Structures are given as C-alpha cells and as structure tokens.
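Here the structure comes first, spelled out in structure tokens, and everything after it is commentary.
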Amino acid sequence: MSIVFLAGVHGVGKGFLGEPVAKSLGISHFTASQLIREEKGLTTWGKDKKTSDLDDNQLALIRAVNQRHMTHRNILLDGHFVLRNAQGVLSPLDNAVFAALGLAGVILLTDEPTVIASRLLARDKSDTNVQAISSLADAELAHAQNVCRELELPLTIIHSPNEESVRGALQHILNIPCITS
C-alpha cells in the first residue's frame, strides 16, 4: 500500500493528468483540497487560492488520507508543498506533514509560468500574474527538494507533463510494470 504525492502549482495539470492516469492504472486519486473540504466540512481558501488555517488544514488532510489508505491500496494524492496564506505570503508546509502522510515518492509537475497563466485564465476566468506563478513555482520546487531530501523520498520532476510522462513516473515509484500494446 503506497501513497504518491503529485505536486505543483495551481494550473500545472495535477488534476487534469492525475485523474486519468490513476484510473488507467487502477489507483485511487484524491486532491488534498477535496479531502480537507470533506474532513472539515468547509473550505478555508478562496478563488484567489489564499488559505487560512494552514496547520489545521494539514491535520485534516493527514486524518483523511489515513482513513482512505485503510481501504485503498495505492493512492495518488495531488496537492502542494507551498501555499499562499491569508495574507498572500508564501508558506511552505511543514516537513512533518509529508512524513505523517507516509509517502512512497513525489512527482512534481512544472511548466512555463505563461502556460500556467493561460490555463488559469481559461479555467478560473481570473486574472493571473506570471511573476506570482513563477515565485510560487520556484518555492514549490525548492521545498519539494528539501522535503524529499530530508525524508529520503524519490523525487521525479516533469516539465511540460503529459499523461504518458506522469504514468511512467507513477509506475516507476509504485513498481508497476509498463504494459505495451
């Protein structure tokens, strides 16, 4: 039973790619925000992606993942290493959160900030700031590397991801044989 963390900034493709890849491999896929919302019964973030109650949200996430892990063999969990707090300040999540999740490995998705900005504009119909996306992506990468180094987790970084690259990384971490047709 393993949990793989699929990370990256908003709009990089975690849900868009994670859901079909997990389904194709018979793996359960959850988003951290979905699990937190279900566990707490409410959301503590707005359309601007600024988050209040960061610590309480992470405790809710750990509880929810532990509960799901009892009935789901392998889980692809998508989420973030760094979030913007209610004041808009970048806040790396505590390494202990990732240790408590018992991860088998991490896949970090990256892309050009301009590409991500155009996706966010199309998806959320909101204004996007390329510099803010770039700063968040840099912080996400640095903290992912820090967490994986500290916890001795394999880290796969995929730039301009697609289903094939995410599937391959997931199969590698979970030691699932590649099936060719």
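All residue numbers refer to positions in the sequence shown, counting from 1. Small disclaimer: the values here were computed from a predicted structure and weren't measured.
With contacts defined as side-chain heavy-atom distances shorter than 4.5 Å, the pair Phe5/Leu153 does not qualify. Counting heavy atoms from C-beta outward, Val89 and Arg84 have side chains that stay 4.5 Å or more apart. Side-chain atoms of Lys14 and Val9, non-hydrogen and from C-beta on, never get closer than 4.5 Å to each other. Between Asn146 and His143 there is a side-chain heavy-atom pair separated by less than 4.5 Å. Contact of the Glu39 side chain with the Leu61 side chain is not registered, since no non-hydrogen atoms from C-beta on lie closer than 4.5 Å. Annotation: side chain of Ile176 is in contact with side chain of Ile27 (closest heavy-atom distance under 4.5 Å). With contacts defined as side-chain heavy-atom distances shorter than 4.5 Å, the pair Leu136/His80 does not qualify. Proximity of Arg119 to Asp111: side-chain heavy atoms (C-beta onward) are separated by under 4.5 Å at one or more points.
No side-chain donor-acceptor contact under 3.5 Å links Glu163 to the backbone of Leu17. Between the side chain of Asn95 and the backbone N or O of Val147 there is no donor-acceptor pair closer than 3.5 Å.
Between the CD atom in Glu38 and the CZ atom in Arg63 there is a gap of 13.0 Å [rounded to 0.5 Å]. Here the straight-line distance linking atom CG of Leu76 with atom CZ of Arg167 works out to 12.0 Å at 0.5 Å rounding. Interatomic distance, CD of Gln34 versus CG of Leu77, reported as 9.5 Å (0.5 Å rounding). Note that CD of Glu19 is 11.5 Å distant from CG of Leu6, once rounded to the nearest 0.5 Å. Rounding to the nearest 0.5 angstrom, the gap separating the CG atom in Asn57 from the CG atom in Leu83 is 8.5 Å. Rounding to the nearest 0.5 Å gives a distance of 10.0 Å between CG of Leu109 and OG1 of Thr156.
Under a hydrophobic clustering in which Ile, Leu, Val, Met, Phe, Trp and Tyr are joined whenever their side-chain heavy atoms come within less than 4.5 Å, directly or via other members, Phe81 and Ile157 fall into the same cluster. Hydrophobic clustering (ILVMFWY, side-chain heavy atoms < 4.5 Å, transitive): Val166 and Phe16 are in one cluster.
Applying side chain to side chain contact (heavy atoms under 4.5 Å, CB included) to Leu174 and the options Leu25, Ile3, Asn74 leaves one that passes, Asn74.
Crowding of His172 atom NE2: a count of heavy atoms from other residues, nucleotides or ligands under 6.0 Å not exceeding 12. The neighbour count for Asp55 CG, taken as heavy atoms of other residues, nucleotides or ligands under 6.0 Å away, does not exceed 12.
For the residue pair Asp138 / Ser135, no side-chain donor-acceptor distance below 3.5 Å is found, with atom types taken as modelled. Checking Arg68 against Ser28 by side-chain atom types alone, no donor-acceptor pair falls below 3.5 Å.
The aromatic rings of His72 and Phe30 stand perpendicular to each other, their planes meeting at an angle above 60°, with 30° marking the opposite boundary.
Residues Leu108 and Ala144 approach most closely at CD2-CB, 4.2 Å, considering heavy atoms. Nearest heavy-atom pair across Asp94 and Ala96 is OD1-N, 2.7 Å. Between His29 and Thr31 the shortest heavy-atom distance is CE1-CG2, 4.0 Å. Shortest non-hydrogen contact noted between Pro161 and Thr110 is CD-O, 3.3 Å. Nearest heavy atom pair, residue Ala99 against residue Leu151, reads N-CD1, 3.5 Å. Heavy atoms only, all atoms of each residue included: Ala32 and Gly79 are closest at CB-CA, 4.1 Å.
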